[in-house]
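Below is one structure, written out as structure tokens; the observations come after it.
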Amino acid sequence: MLPEITRENLIDFCRRMLLIRLFEEALIVLHKAGRFSGHYHVYIGQEATGVSALSFLEEGDSIFTTHRNHGHLLARGAEPGRLLAEILGRRDGYNKGKGGTFHTNVAALGFLQASGVVGGIIPLATGAAYAIKAQETGRISVCLFGDGALEEGAAAESFNIASLWKLPVLYLCENNGKYGHGRDVGAARSSTLATYPLTDLPAAYRLPIHQVDGTDAGAVHGVVAEAIKKIRWDGGPQFIEAQTVRWPGGETNWPIVPIPTDVALAWDVNSVPEAARHWYRDSDPVLILIRELVEKKQATKAEINQIQKGVRDVVDRAVEFALASPYPKPETALEDVFA
Amino acid sequence: MLPEITRENLIDFCRRMLLIRLFEEALIVLHKAGRFSGHYHVYIGQEATGVSALSFLEEGDSIFTTHRNHGHLLARGAEPGRLLAEILGRRDGYNKGKGGTFHTNVAALGFLQASGVVGGIIPLATGAAYAIKAQETGRISVCLFGDGALEEGAAAESFNIASLWKLPVLYLCENNGKYGHGRDVGAARSSTLATYPLTDLPAAYRLPIHQVDGTDAGAVHGVVAEAIKKIRWDGGPQFIEAQTVRWPGGETNWPIVPIPTDVALAWDVNSVPEAARHWYRDSDPVLILIRELVEKKQATKAEINQIQKGVRDVVDRAVEFALASPYPKPETALEDVFA
Amino acid sequence: MRELAYYESKLEALREILAANGKVHLMGGSFLGLSPRRNLFREIEKSYPDRVISPPISELGYCGLAIGAAMAGLRPIVDLSTASFIFEAWPQVVNEAANALYMSGGQTRVPVVFHVLHGLRGGGAAQHSHSPQAMLWNCPGLEVVLPSSPRDVRGLLKTAAGTDNPTIFVDHLNLLELRGPVPENDEAIPFGRAEVKRAGDDVTVIATSYMVQRSLTVAGRLASEGIEVEVVDPRTLVPLDFQTMMTSVEKTRRVVIVDECHQSCGVAAELAARIGEAGFDKLRAPIRRVTTLDVPVPFSAPLEEFISPSESRIADAIREVAQGKRLKVDRP
Amino acid sequence: MRELAYYESKLEALREILAANGKVHLMGGSFLGLSPRRNLFREIEKSYPDRVISPPISELGYCGLAIGAAMAGLRPIVDLSTASFIFEAWPQVVNEAANALYMSGGQTRVPVVFHVLHGLRGGGAAQHSHSPQAMLWNCPGLEVVLPSSPRDVRGLLKTAAGTDNPTIFVDHLNLLELRGPVPENDEAIPFGRAEVKRAGDDVTVIATSYMVQRSLTVAGRLASEGIEVEVVDPRTLVPLDFQTMMTSVEKTRRVVIVDECHQSCGVAAELAARIGEAGFDKLRAPIRRVTTLDVPVPFSAPLEEFISPSESRIADAIREVAQGKRLKVDRP
Ligand SMILES: Cc1ncc(C[n+]2csc(CCOP(=O)(O)OP(=O)(O)O)c2C)c(N)n1
Ligand SMILES: Cc1ncc(C[n+]2csc(CCOP(=O)(O)OP(=O)(O)O)c2C)c(N)n1
Ligand SMILES: [Mg+2]
Ligand SMILES: [Mg+2]
């Protein structure tokens with residue numbers, strides 16, 4: 001369903017989600033072209049969650065994210081060019097090239113740490129909430145992490161403390177594990193969590209829990225609105241599980257795009273390779289939103305095409321900017337060790 | 001209530017529980033006399049749990065214990081003299097003086113690790129269960145730990161794995177925290193676990209759970225019997241919370257005996273200092289068992305006195321043995337680093 | 001100048017820090033371990049009920065919490081009590097706190113302090129006697145502090161409370177009862193300033209933490225044998241005041257390093273490697289290290305004594321480098 | 001003699017170990033990290049479905065599980081993949097496994113192996129590029145193994161699978177594609193036997209893991225400059241074959257140590273301290289260390305290259321100690 005927001009905001013959501021998608025598809029091309037090394041993770045399939053959830057944040061709220069952070073930064077309004085420059089290790093990157101894809105970080109937007117250590121940010125975000133409470137700033141701390149993070153003891157320890165001390169933190173677990181290899185939930189050999197649904201873990205610690213379809217921007221918007229209202233009101237923690245379906249191109253650490261996204265796919269997926277078709281038809285949050293915008297008469301197909309054109313320009317310019325940015329001077333490796 | 005076992009066995013239970021008590025009261029005297037340094041922990045108040053639970057173990061079963069291990073070793077039949085020698089750092093100690101009070105260990109009795117790291121043995125005991133399952137020995141692994149260990153993420157991680165892989169492990173949580181300082185359960189500032197009852201945590205991981213009054217030898221015996229039967233039958237894990245009331249002398253790391261235990265206290269606690277009296281009257285598992293043995297006509301007061309006399313002799317001889325044992329040669333510090 | 005016991009000076013510093021800066025919160029233990037003095041900390045706790053917090057037994061969770069709180073503007077000072085327990089929080093300390101500023105390209109500051117009590121304590125046995133400072137020095141991004149006197153603990157604690165970097169404050173139980181001069185309004189002692197704790201011309205002893213006091217005792221004894229020992233205390237390993245050490249080494253040309261870490265890859269190894277390189281032409285004798293022997297720590301008193309950097313082992317090492325003022329002759 | 005790629009030799013060893021001893025279970029990753037070769041491991045997984053286990057993302061839990069399983073009679077070999085993740089299991093590795101035999105007075109054996117991939121990998125950045133072997137060497141009770149060739153990885157892995165002590169098998173992604181001779185039924189290579197990987201009279205380079213290969217490359221290049229480098233590979237740090245190193249040092253009297261740990265309290269520090277002490281009268285030049293610079297590991301390629309023990313830094317260090325065969329003259 002559509003988020004209950006103004007039409008401009010709906011269009012803005014659409015634009016941001018599409019930006020994340022096209023940005024990352026461009027990124028995949030750059031990696032294939034050898035523009036940066038190492039492995040990396042894309043947010044494709046989870047755009048509705050990040051864009052809806054982060055739309056509620058205000059100045060001063062804290063955000064912690066993981067190895068799968070690109071979408072969160074763009075959702076929050078990071079400049080695509082500087083973000084891409086960081087991922088390519090260039091001088092104009094937000095972290096001067098020191099962080100790279102695992103650690104893209106924009107303090108000005110409230111991001112305090114992007115950790116590549118699974119579960120690493122759960123204590124950190126809980127701590128930011130502690131600081132918020134201690135300083136009575138009325139802000140909140142948001143922790144975006146994957147289902148796998150619940151397998152780390154750090155999660156349990158943090159939920160306990162957040163619950164006992166009533167800390168203003170939103171734990172937003174992006175469960176992209178449905179049908180994901182290795183991460184299936186259930187009692188099979190391959191399963192990795194005995195707490196099923198996974199919300200049983202935070203629930204045991206008396207955290208208020210919510211489950212939502214993470215491919216449905218409107219559903220996420222509604223649940224997050226309620227959770228954040230509660231946090232700002234009673235100051236205590238909230239836990240949300242947003243379930244998304246793993247993108248067929250995202251199985252490995254080196255994504256392969258089954259088909260470059262085009263808004264036209266919202267109405268016709270026949271051009272999509274058989275194996276991936278179901279996902280683009282049923283589980284792609286970007287295409288789902290676009291279909292709804294048109295069905296609910298919030299935008300015409302022509303307008304959608306216009307949006308896509310605009311976003312493509314933005315991504316093209318970001319790529320130009322990032323590739324034009326020089327590598328940092330080697331000696332700068334010795335800076336920023338200590339404040 | 002009384003354990004449903006033969007009279008000889010009841011007498012044996014009584015003897016073991018009294019042995020643990022008098023052994024540790026003697027130990028406290030030795031520490032006061034400066035016979036060993038550092039801090040230490042006594043099992044006073046939890047004797048019924050250890051003696052009942054470990055009475056079910058068979059050759060080849062594995063046991064893991066903590067900083068509060070003396071009672072477990074004695075319950076399992078460790079020689080008081082050699083155990084005391086270890087606690088005093090003497091050559092005849094079970095660990096050649098290298099372990100001390102924190103790490104007393106008797107492999108021949110199935111003890112694999114006594115860890116002073118809170119939560120440390122929970123993964124270890126889970127691993128022994130994994131080995132048992134892999135080697136199809138039909139044995140079980142028993143993990144005896146305190147309520148505080150549930151605050152460590154290691155516990156949650158281990159429960160998850162034991163549940164997913166159906167490992168033959170008995171998690172026996174000795175919750176001596178009721179009314180214990182700092183460890184109160186509930187939502188107060190001082191509380192440390194939001195999972196209340198604490199069995200909600202293992203339950204979230206789908207572990208079968210049990211709660212029992214740890215001061216009641218019969219109740220513990222019944223619950224452990226059931227749990228171990230299940231483990232030996234279906235091979236999966238079980239979790240028991242045994243609740244005991246913290247001994248008034250045990251608040252610090254340097255225990256003070258309010259009054260030396262004497263079986264006569266089972267019938268008359270007036271000699272006990274006011275502040276501690278309630279505990280000896282209502283919560284002392286040793287005195288509770290003794291009262292029941294006499295009430296249920298399983299033993300006369302005279303027989304009980306005989307038992308006490310025998311146990312005192314054993315403890316006296318243990319003290320003589322330990323004090324007579326020389327300190328190990330300094331150079332032996334260099335041995336046992338590697339197998 | 002007034003005299004204070006080490007624990008008094010330390011508690012005074014904590015009180016002054018709490019009074020001076022509302023962003024400082026204390027989490028964890030009493031900063032005095034299981035010392036009988038620990039109840040004195042309760043008074044501080046009472047005066048700041050909302051800023052002195054007892055977390056659950058979840059080192060990974062509450063150390064990470066302190067790091068996150070520091071990222072968000074507080075200045076938490078965490079007491080883990082026994083240094084061995086910082087291992088429970090290892091991923092947060094070495095992989096989150098130490099890297100945050102760097103990975104973020106200078107954006108995320110982490111003004112957190114982790115206080116631990118390290119080393120041989122008499123009956124701590126293998127699991128409660130660690131000296132993690134070497135492992136922590138191997139992890140760039142952390143400041144590492146080792147006080148050794150009533151004055152230093154106060155001055156260094158104040159600087160630790162003010163630095164914007166994650167700092168490990170490595171203290172020792174055996175120092176708590178030590179008495180020494182502590183000026184009334186003593187200044188904070190800046191990091192990176194070694195102190196010559198005793199002047200002498202014959203041998204330079206570089207010692208850390210409690211080993212400074214033990215080395216001073218030995219130095220006093222050896223003076224009667226005619227060996228004048230100079231005792232240099234780095235006070236902080238990160239940042240390190242290498243110059244002050246080398247000045248002493250260039251004078252004495254003989255060096256013994258006394259540290260309580262296990263020997264291999266310990267603090268003494270790094271100091272020996274640096275001095276051996278920089279002082280190659282100066283040294284008149286091999287650098288000797290006196291450290292805890294490379295075995296787990298045994299419980300039994302005589303065994304613990306045997307593996308410790310004891311007074312006798314320190315004295316032997318000093319005598320050895322002092323004696324036989326042999327010049328180096330090149331073998332054919 | 002047949003040639004194999006490193007990854008082939010390693011997989012062969014794993015297969016032979018599994019076939020030879022039913023007590024061996026493999027837990028964790030593919031032992032090949034994210035290398036494109038990792039799918040080859042799937043075949044092993046298929047052949048031993050019950051002995052090759054994928055645990056949850058719970059390093060503390062499953063490493064502890066492996067330790068407990070070892071205590072109870074199995075011989076688990078755990079792959080943590082990226083070495084940095086062993087920090088998650090730090091309390092179990094350094095405070096349970098390392099101490100178990102000692103604390104129990106020799107009763108509890110822990111035949112477990114932890115396999116990790118350490119060091120700079122090209123874009124691993126600060127949190128995925130650690131070399132924890134120095135921290136682990138500082139923890140008595142652990143055996144530490146660092147293979148550097150197709151033959152060594154096979155021979156050392158077999159010994160690791162047979163030892164009764166907890167062992168850290170520290171491997172490097174950059175070695176996987178290296179080809180080299182591996183005899184058909186190669187024997188296990190005993191721990192504590194260093195190998196002279198290249199003979200030379202002028203300078204001794206002691207190098208570990210991938211740095212052995214890098215040093216050999218540099219040695220080849222410097223030969224053309226007339227500098228004959230002897231490359232010594234300890235192969236295991238615990239136990240350490242110090243004699244073989246000293247034999248080389250006594251011949252060349254000039255030493256460079258190349259290791260990928262961060263410098264302070266790194267592996268090179270310990271080796272430099274020991275050689276500086278034992279070789280005091282032999283050395284003709286200061287011992288130079290070439291290590292990863294003491295900063296967190298940056299993502300950007302040129303920055304990572306700048307802080308790494310690169311070929312150019314190795315070559316410069318060798319030239320420096322080789323040149324100016326200056327004798328030591330005592331200053332007045
Ligand atoms: C402590 C730790 N262990 C293992 C890894 C390797 N790793 C990287 S991503 C990943 C999967 C994480 O799953 P999840 O938390 O659900 O996040 P997702 O990638 O699905 O978004 C793993 C195991 C890691 N980065 N950190
Ligand atoms: C990892 C760790 N953190 C802290 C401590 C210090 N400590 C020793 S006993 C203890 C209390 C443990 O409570 P519980 O597990 O309930 O055991 P009990 O002593 O009550 O039997 C603590 C915090 C420790 N030994 N290990
Ligand atoms: Mg996931
Ligand atoms: Mg308890």
Side-chain angles (χ1 to χ4, degrees), chain A residues 31 35-40 67 85-91 93 95-104 113-120 146-156 181-183 189-194 252-254 326-338, chain D residues 29 33-36 38-39 42 45 49-50 52-64 81-82 84-92 120-130 173-174 262 264 292-308 310 312-313:
Chain A
H31 189 272
R35 295 303 199 153
F36 67 105
S37 58
H39 68 294
Y40 64 111
H67 56 284
E86 183 57 38
I87 297 169
L88 301 190
R90 305 305 179 95
R91 196 184 62 194
N95 315 6
K96 309 176 190 171
K98 289 187 168 121
T101 171
F102 277 108
H103 310 301
T104 59
Q113 182 100 321
S115 176
V117 178
V118 169
D147 48 298
L150 296 178
E151 296 162 20
E152 292 285 358
H181 66 149
R183 316 228 72 70
R189 163 93 189 286
S190 73
S191 81
T192 48
L193 265 180
T252 74
N253 291 285
W254 292 277
Y327 282 100
K329 289 207 176 49
E331 319 78 63
T332 62
L334 304 181
E335 301 165 5
D336 299 319
V337 180
F338 291 109
Chain D
L34 294 172
S35 141
R38 69 189 182 284
N39 299 324
R42 300 291 150 239
E45 203 169 22
D50 300 332
V52 181
I53 313 295
S54 310
I57 314 170
S58 310
E59 291 80 8
L60 182 63
Y62 71 74
C63 289
S81 189
T82 302
S84 306
F85 304 152
I86 199 171
F87 295 152
E88 309 290 310
W90 211 243
Q92 286 292 326
L120 306 178
R121 55 161 70 165
Q127 290 187 318
H128 290 72
S129 304
H130 289 90
L173 266 177
N174 294 2
H262 281 113
S264 294
T292 299
L293 300 183
D294 275 343
V295 303
V297 176
F299 170 80
S300 184
L303 305 192
E304 185 184 356
E305 166 70 10
F306 183 77
I307 70 160
S308 76
S310 58
S312 62
R313 287 179 57 213

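No hydrogens, no waters, no symmetry mates; every other heavy atom, side chains included, goes into these values. Each chain gets a letter, A, B and so on, in the order the sequences are listed, and its residues count up from 1.
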Against chain D, label A:Leu150 side chain, backbone, both or neither, depending on which of its atoms sit under 4.5 Å from a heavy atom there.
->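 Neither part.
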
Answer with yes or no after comparing the ring centroid distance for D:Phe299 and A:His103 against a 6.0 Å cut-off, counting only values under it.
->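 Between D:Phe299 and A:His103, the centre distance exceeds or equals 6.0 Å.
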
How long is the span from the CG atom in D:Leu303 to the NZ atom in A:Lys329, to the nearest 0.5 Å?
->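 It comes to 11.5 Å.
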
Atom pair CZ/NE2 of A:Phe102 and D:His128 - distance to nearest 0.5 Å |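 Atom-to-atom, A:Phe102:CZ and D:His128:NE2 are 4.5 Å apart.
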
Set of ring-ring contact (aromatic ring centres under 6.0 Å, His included) partners for D:His130, sequence neighbours left out =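 Scan of D:His130 (ring-ring contact (aromatic ring centres under 6.0 Å, His included), adjacent residues dropped) gives D:Phe87.
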
Interchain contact, D:Glu59 with chain A, by part (heavy-atom threshold 4.5 Å) |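 For D:Glu59, backbone and side chain are both near chain A.
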
Flag the one option from A:Glu152, A:Lys98, A:His39, A:Glu335 with the top tally of heavy-atom pairs under 4.5 Å to chain D.
->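 Winner by heavy-atom pair count: A:Glu152.
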
Taking A:Gly116, A:Gly119, A:Ala154 one by one, which has the highest count of heavy-atom pairs under 4.5 Å against chain D?
->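 Between A:Gly116, A:Gly119, A:Ala154, the count favours A:Gly116.
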
Look only at the side chain of A:Thr192 and the backbone of D:Pro56, and say whether a donor-acceptor pair between them is shorter than 3.5 Å.
->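 No.
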
Evaluate the side-chain contact (heavy atoms from CB on, under 4.5 Å) criterion for residues A:Val118 and D:Glu88: first the C-alpha distance (whole Å), next the side-chain angles of each, then the deciding distance (0.1 Å), finally the verdict.
-> CA-CA 10 Å; A:Val118 169; D:Glu88 309 290 310; over 6 Å; no

Residue pair D:Val295 / A:Ala333: nearest heavy atoms and the distance that separates them =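 Taking D:Val295 first and A:Ala333 second, the nearest heavy atoms are CG2-O, 3.7 Å.
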
Shortest non-hydrogen contact from A:Pro330 toward D:Pro302 |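 Residues A:Pro330 and D:Pro302, closest heavy atoms: CB-O, 4.2 Å.
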
For chain A, the option from D:Leu34, D:Val297, D:Thr82 that forms the most heavy-atom pairs under 4.5 Å |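 Maximum pair count with chain A is reached by D:Leu34.
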
Using a cut-off of under 4.5 Å for heavy-atom pairs, which of D:Gly124, D:Ser300, D:Gly123 has the most such pairs with chain A?
->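 Looking at each option in turn, the highest pair count goes to D:Ser300.
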
side-chain contact (heavy atoms from CB on, under 4.5 Å) involving D:Leu293 - partner list, sequence neighbours excluded =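 So D:Leu293 forms a side-chain contact (heavy atoms from CB on, under 4.5 Å) with A:Leu334, D:Phe306, D:Ile307, D:Arg313.
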
Any side-chain heavy atom of A:Ser115 within less than 4.5 Å of one from D:Gln127?
->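 Yes; the side chains approach each other to less than 4.5 Å.
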
